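Okay, so here's the structure we're looking at.
Not measured: the values here are computed from a predicted model. We name chains A, B, ... by the order of the sequence lines, and we start the count at 1 in each one.
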Amino acid sequence: MNDTSAPVEQVPGAADGPRYDFRAAEPKWQAAWSERACFQVADVPTDGKPKYYVLEMFPYPSGKIHMGHVRNYTLGDVVARYKRARGFSVMHPMGWDAFGLPAENAARERGIHPAEWTHANIATMKAELQRMGLSLDWAREFATCDPEYYQHQQKLFLDFLAAGLVERKESWVNWDPVDGTVLANEQVIDGKGWRSGAPVEKKQLSQWFFSITKYAAELLDVLGSMDRWPERVRLMQANWIGRSEGARLHFDLVPGKSKGAGIDKIEVYTTRPDTLYGMSFLAIAPEHPVAAAVAARDPAAAKFIAECRSMGTSEAVIETAEKHGYDTGLRVKHPFIEGATYPVWIANFVLMEYGTGAIFGCPGHDQRDLDFSRKYGLDVIPVVLPPGADPATFSIGKEAYVGPGTAYHSDFLNGLDVDAAKRAAIDALAAKGMGQGVTNWRLRDWGVSRQRYWGCPIPVIHCDSCGVVPVPAGQLPVRLPDDVTFDRPGNPLDHHPTWKHVDCPRCHEPARRETDTCDTFVDSAWYFARFCCASATDEPLVRAAVDHWMPVDQYIGGIEHAILHLLYSRFFTRAMKDTGHIGIDEPFAGLFTQGMVNHESYRAADGVWLYPEEVDKRPDGTVVQKTTGEPVIVGRIEAMSKSRRNTIDPGEIIARYGADTARWFILSDNPPDRDMEWTEAGAAGAFRFTQRVFRLAEGIGATVARPAEFGPNGRTLRRAAHKAIAAVTEALESFAFNVAVARLYELANAITDAERSGPEPGLDWARREAVEMLARLSAPMMPHLAEEVMALLNPGAAVLVADLPWPEPEADLLIAESVTIAIQIMGKLRGTIAMPPDATAASVIAAAEAEPHVARALEGKRIVKRVHVPNRIVNFVTAG
RNA sequence: GCGGGCGUGGCGGAACUGGUAGACGCGCGGGACUCAAAAUCCCGUUCCCGCAAGGGAGUGAGAGUUCGAUUCUCUCCGCCCGCACCA
């Protein structure tokens with residue numbers, strides 16, 4: 001029963017009369033913009049206009065564009081077109097984040113070369129973006145997988161290396177033994193490789209790192225003044241960087257115990273040096289060198305450490321993991337208390353990666369330490385007294401006390417508040433040479449080595465005699481070889497018969513190329529700067545161009561990049577500045593994070609997911625499967641995903657309704673930073689509006705001379721039009737695109753009202769003006785329709801809306817002829833009156849008291865107070 | 001647990017610096033046009049009482065400040081997001 005015939009194109013209104021034919025109009029105007037190169041700008045413009053750089057996060061070429069792209073690029077296009085009309089020289093480029101794992105997966109699964117797969121996807125998606133009618137400067141297009149791009153990235157890498165911003169160090173990685181590759185944290189699912197399913201091993205490898213931690217303080221401090229970034233993104237970055245103030249101090253081991261051979265002290269990091277007198281143990285991470293030293297002589301310790309390691313790394317396991325410890329038998333001396341010693345435990349809750357991998361345990365004032373102490377019967381000594389508590393009776397139960405208070409049981413710290421006690425403790429430690437105050441960071445250096453083919457080759461050579469040797473500038477780019485195979489696991493670059501074998505540039509003996517490629521986040525950490533001088537061949541960046549256009553004035557993309565991409569880009573920009581490539585340090589002056597595009601999901605009775613086009617929504621509200629007529633279970637509204645089959649293909653929407661409809665609906669539905677729901681009814685409503693605008697324009701006659709006087713309907717319409725200019729402008733300035741849409745609906749409604757009013761001198765002129773404003777104000781959102789309407793109004797005129805300045809409202813038309821004033825009695829609305837604007841308080845109050853409803857309600861009451869807010873309200877306060 | 005955000009009609013949402021709550025759209029109900037349908041247009045649409053005029057309630061709940069609170073303050077409830085044994 002397969003229906004093989006093509007589905008009939010059902011477009012509302014297609015059957016009837018002259019209609020706006022978007023299928024003809026949209027390509028026509030796209031060609032017109034392209035022919036006139038409306039959206040192209042120079043690397044270093046000489047037009048004297050202020051610059052404005054609009055950028056949306058460039059797409060990964062996965063195959064086709066999705067609704068998230070449509071939303072992202074529509075938002076950016078509204079800004080770009082609006083700012084251009086406001087007189088800015090706008091740069092609005094587009095490119096491709098083209099390196100990445102999906103291309104290699106396609107190669108493995110389907111035998112297609114990653115380059116071929118990527119370029120085919122780019123071609124498809126570029127055509128789709130062009131059909132959206134975006135005001136992009138395509139002359140700046142590049143793909144990060146092009147050697148013309150990544151050669152410059154290699155140059156930047158070498159410059160960073162020379163500047164000490166790149167290091168090679170050993171690090172623990174997630175290693176998939178079957179695929180023979182490193183996995184990112186998010187590619188490890190329940191401790192297994194996401195593709196191979198093999199248990200992931202922790203392995204120490206030599207990796208390349210960008211020294212992002214060198215900029216930790218700067219990256220954090222500047223966040224405070226980035227007022228055009230969303231607050232929550234700044235908070236997320238601040239948390240990620242994770243500054244904490246504390247102290248490093250060491251504890252001397254009690255000598256004589258053979259287990260800790262060769263080690264005489266343990267260093268800890270703490271944020272609570274004021275609680276040192278509450279110490280009852282010291283704990284080290286299972287990976288700590290002292291733990292290893294103990295394990296070497298103590299099989300039980302070795303067993304405990306092994307157990308910790310096998311506990312798994314998934315977050316769920318860690319979260320529920322009970323605290324476990326092993327008493328090493330070692331003891332340490334207290335820094336202040338003569339003769340006091342404490343046990344050294346290996347504890348599973350101590351992290352080797354943070355601080356020094358060792359802590360001192362103060363159970364009275366740290367919940368983890370308390371849990372641990374209760375389990376193993378260690379002492380709990382409170383040393384901070386909460387305000388108002390009685391030192392004789394205050395004790396710790398199941399909850400550690402972490403609030404403010406004064407130190408007690410603490411010798412020289414007694415009586416000091418927490419902050420003063422911290423300072424005093426640090427001073428005392430420093431005086432004894434046992435420790436000092438330090439700032440600690442959660443942020444780690446950025447490991448960029450990936451054992452993959454489809455990425456930017458890291459331009460270094462490993463030589464047995466010379467060590468790591470940078471590839472000489474003259475030998476760049478290090479190109480990826482084309483002839484690679486994906487028939488076995490691991491990195492094809494490593495398997496390649498010849499590619500990695502080169503002579504050392506320094507000693508000319510046989511050596512090996514680095515076969516790791518860069519994390520793809522590197523590619524996107526500087527593309528925004530490259531757009532400014534996309535065709536420069538000799539150097540990564542042309543300073544004059546970059547310094548002109550950067551920073552990006554408005555960057556737009558998904559919240560999912562709140563930390564990694566944006567933080568890496570901020571780091572890279574600083575590193576590029578410090579290596580002399582550019583003159584600025586923050587890449588994105590303004591950031592806007594858009595919400596997701598969601599859709600209902602549908603399942604058949606047997607639980608199989610159904611595509612939206614497989615279901616039929618009946619007028620009675622029931623939803624059935626088209627082929628069977630069986631009822632369908634309507635699921636939650638959630639993010640579009642292939643597995644739930646609740647995706648809407650933008651290509652089909654544009655083919656059916658046109659790009660303007662898609663853009664208009666996506667803007668109108670809700671505020672752009674929230675998740676939206678794509679609905680068929682909403683899209684159809686947007687389409688109806690495009691037709692309505694066109695019909696309004698069709699009703700306008702030939703140009704007439706501007707009359708000297710307007711009748712009442714003409715004046716009303718003109719006020720509506722000019723109020724719309726002001727309101728839409730304000731809405732666009734504040735990213736309230738849904739409000740801008742609402743104001744344009746109101747203008748359309750006002751035009752309809754005027755059409756229905758009787759003939760009146762000057763009304764034709766006012767209608768023409770209003771329709772023109774409707775077109776020009778909607779142009780950032782529906783650019784094709786705006787051009788079509790303007791062409792209809794001005795036959796033969798050669799001007800494009802895209803080249804027109806933004807309309808300015810006439811000031812006197814923004815003042816209402818009369819204002820409605822609400823009248824309240826004791827704050828309750830009792831009536832309204834119409835008054836001339838800025839009428840005197842006395843006249844307004846007199847009119848208010850005379851209003852029949854108000855007069856009746858005031859009868860027999862004594863007015864105690866009359867509140868008058870000009871042009872808004874009158875409120876009578878009564879007594880009795 | 002820590003940090004942040006959000007609760008407004010059937011739905012998405014609007015509301016300037018505290019001043020007529022529900023703009024605008026979707027949906028729904030009624031009507032016009034039509035042989036009929038589509039399309040289009042018109043009217044209505046927060047809830048309750050009422051034929052109506054009108055009255056009452058109402059922005060998650062409760063309190064407070066104020067002539068007046070969706071807006072400011074406090075307490076509570078619910079939902080969402082980020083981080084998390086970070087010492």
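Rounding to whole angstrom units, NZ of residue Lys865(A) and P of G68(B) are separated by 9 Å. Look at CG on Leu829(A): it is 14 Å from C1' on G56(B), rounded to the nearest Å. Here A15(B) presents its P atom at 13 Å from CG of Asn670(A), a figure rounded to the nearest Å. Rounding to whole angstrom units, CE of residue Met236(A) and P of G4(B) are separated by 14 Å. Regarding Glu680(A), its CD atom lies at a distance of 11 Å from the P atom of G27(B), rounded to whole Å. When rounded to the nearest whole Å, the span between CH2 of Trp664(A) and P of C26(B) equals 12 Å. As rounded to whole Å, 13 Å separates atom C1' of A87(B) from atom CG of Asp371(A). Between the CZ atom of Arg756(A) and the C1' atom of A32(B) there is a distance of 13 Å, given to the nearest Å.
Closest to the Arg232(A) side chain, of the nucleotides U40(B), C86(B), C81(B), is C81(B). The side chain of Lys323(A) lies closest to C85(B), out of C86(B), C85(B), C41(B). Of all nucleotides listed (C26(B), A87(B), C24(B)), C26(B) comes nearest to the side chain of Ala681(A).
Base pairing annotation: U20(B) forms no Watson-Crick or G-U wobble pair, as no partner gives both donor-acceptor distances under 3.5 Å. For U75(B), the paired nucleotide is A61(B), the pair qualifying as Watson-Crick or G-U wobble because both relevant distances are below 3.5 Å. The partner of A87(B) cannot be assigned: no Watson-Crick or G-U wobble pair with both contacts below 3.5 Å exists in any strand. Across the strands present, G25(B) finds its partner in C11(B); the criterion is a Watson-Crick or G-U wobble pair with both atom distances under 3.5 angstrom. Base pairing annotation: C47(B) forms a Watson-Crick or G-U wobble pair with G56(B), both donor-acceptor distances under 3.5 Å. Base pairing analysis places C2(B) opposite G82(B); the two distances defining the Watson-Crick or G-U wobble pair are each below 3.5 Å. Judged by Watson-Crick or G-U wobble contacts below 3.5 Å, the nucleotide A69(B) has no partner.
Mapping Val869(A) and Tyr269(A) onto RNA chain B via the closest heavy atom, the residue that lands nearer the 5' end is Val869(A). Residues Thr752(A) and Trp441(A) both approach RNA chain B. Their nearest nucleotides, taken by heavy-atom distance, put Thr752(A) toward the 5′ side.
Between the C1' atoms of G13(B) and A21(B), the separation comes to 13 Å (whole Å). A52(B) and U40(B): their P atoms are spaced 32 Å apart (whole Å). Here the separation of G3(B) from A14(B), taken at their C1' atoms, is 30 Å to the nearest Å. Annotation: C72(B) and C79(B) have their P atoms spaced 24 Å apart (nearest Å). Between G9(B) and G4(B), the two P atoms lie 27 Å apart (nearest whole Å). Rounded to a whole angstrom, the distance from the P atom of U75(B) to that of C80(B) is 23 Å. Comparing the P positions of A32(B) and G54(B) gives a spacing of 29 Å, expressed to the nearest Å. A gap of 33 Å separates the P atoms of A53(B) and A38(B), to the nearest Å.
With Asp673(A) contributing its side chain and Gln594(A) its backbone, the two residues share no donor-acceptor pair below 3.5 Å.
At the heavy-atom level, Arg830(A) lies under 4.0 Å from the strands shown only through sugar-phosphate atoms. Residue Val864(A) is classed as having no contact, given no heavy-atom separation below 4.0 Å to the nucleic acid. Contacts of Leu235(A) with the nucleic acid, taken as non-hydrogen atoms under 4.0 Å apart, involve only primed sugar atoms and P, OP1 or OP2. Using a 4.0 Å heavy-atom distance criterion, Asp369(A) is classed as making no nucleic acid contact. At a threshold of 4.0 angstrom between heavy atoms, the contacts of Glu746(A) are confined to the sugar-phosphate backbone, with no base atom among them. Looking at heavy-atom distances under 4.0 Å, Thr270(A) makes contact with sugar-phosphate atoms alone, never a base. When heavy atoms are screened at a 4.0 angstrom cut-off, Arg234(A) is found touching no nucleic acid atom at all.
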*Would you please test Arg368(A) and Asp371(A) for salt bridge (Lys or Arg N to Asp or Glu O under 4.0 Å) and show each step?*
CA-CA 5 Å; Arg368(A) 294 156 303 187; Asp371(A) 294 344; over 6 Å; no
*Given the rule in the salt bridge (Lys or Arg N to Asp or Glu O under 4.0 Å) test, do Arg656(A) and Glu680(A) qualify, once you have shown the distances and angles that lead to the verdict?*
CA-CA 12 Å; Arg656(A) 184 155 165 220; Glu680(A) 197 48 36; 3.4 Å; yes
*asked:* With salt bridge (Lys or Arg N to Asp or Glu O under 4.0 Å) as the criterion, how do Arg23(A) and Asp21(A) come out once you've worked through the C-alpha distance, each side chain's angles and the decisive distance to 0.1 Å?
replied: CA-CA 5 Å; Arg23(A) 285 180 228 268; Asp21(A) 180 6; 5.0 Å; no
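Take Tyr401(A) and apply the ring-ring contact (aromatic ring centres under 6.0 Å, His included) test, not counting sequence neighbours, and it matches no residue.
The base of A23(B) is paired with the side chain of Arg743(A) by a donor and an acceptor separated by under 3.5 Å. Residue side chain Asn239(A) does not reach the base of C83(B) through any donor-acceptor N/O pair under 3.5 Å, judged by distance alone.
The aromatic rings of Phe251(A) and Phe360(A) lie tilted to each other, with the angle between the two planes from 30° to 60°.
In this structure, Ile666(A) CD1 and Met67(A) CE are separated by 6.0 Å, a value rounded to the nearest 0.5 Å.
In Arg692(A), the CZ atom is crowded: over 12 heavy atoms of neighbouring residues, nucleotides or ligands sit closer than 6.0 Å. Within 6.0 Å of CD in Glu560(A) there are more than 12 heavy atoms belonging to other residues, nucleotides or ligands.
Shortest non-hydrogen contact noted between Pro286(A) and Ile305(A) is O-CG2, 3.6 Å.
A donor-acceptor contact under 3.5 angstrom links the side chains of Thr439(A) and Glu245(A), judged on distance only.
Regarding the sugar-base torsion, G9(B) falls in the syn class, its angle being within 90° of 0.
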Tabulate protein N/O versus nucleotide N/O from nucleotides 16-18 of chain B, keeping only pairs under 3.5 Å, one per line.
| unit_1 | atom_1 | unit_2 | atom_2 | d |
| --- | --- | --- | --- | --- |
| C16(B) | O2 | Arg872(A) | NH2 | 2.9 |
| C16(B) | N3 | Arg872(A) | NH1 | 3.4 |
| C16(B) | N3 | Arg872(A) | NH2 | 2.4 |
| C16(B) | N4 | Arg872(A) | NH1 | 3.3 |

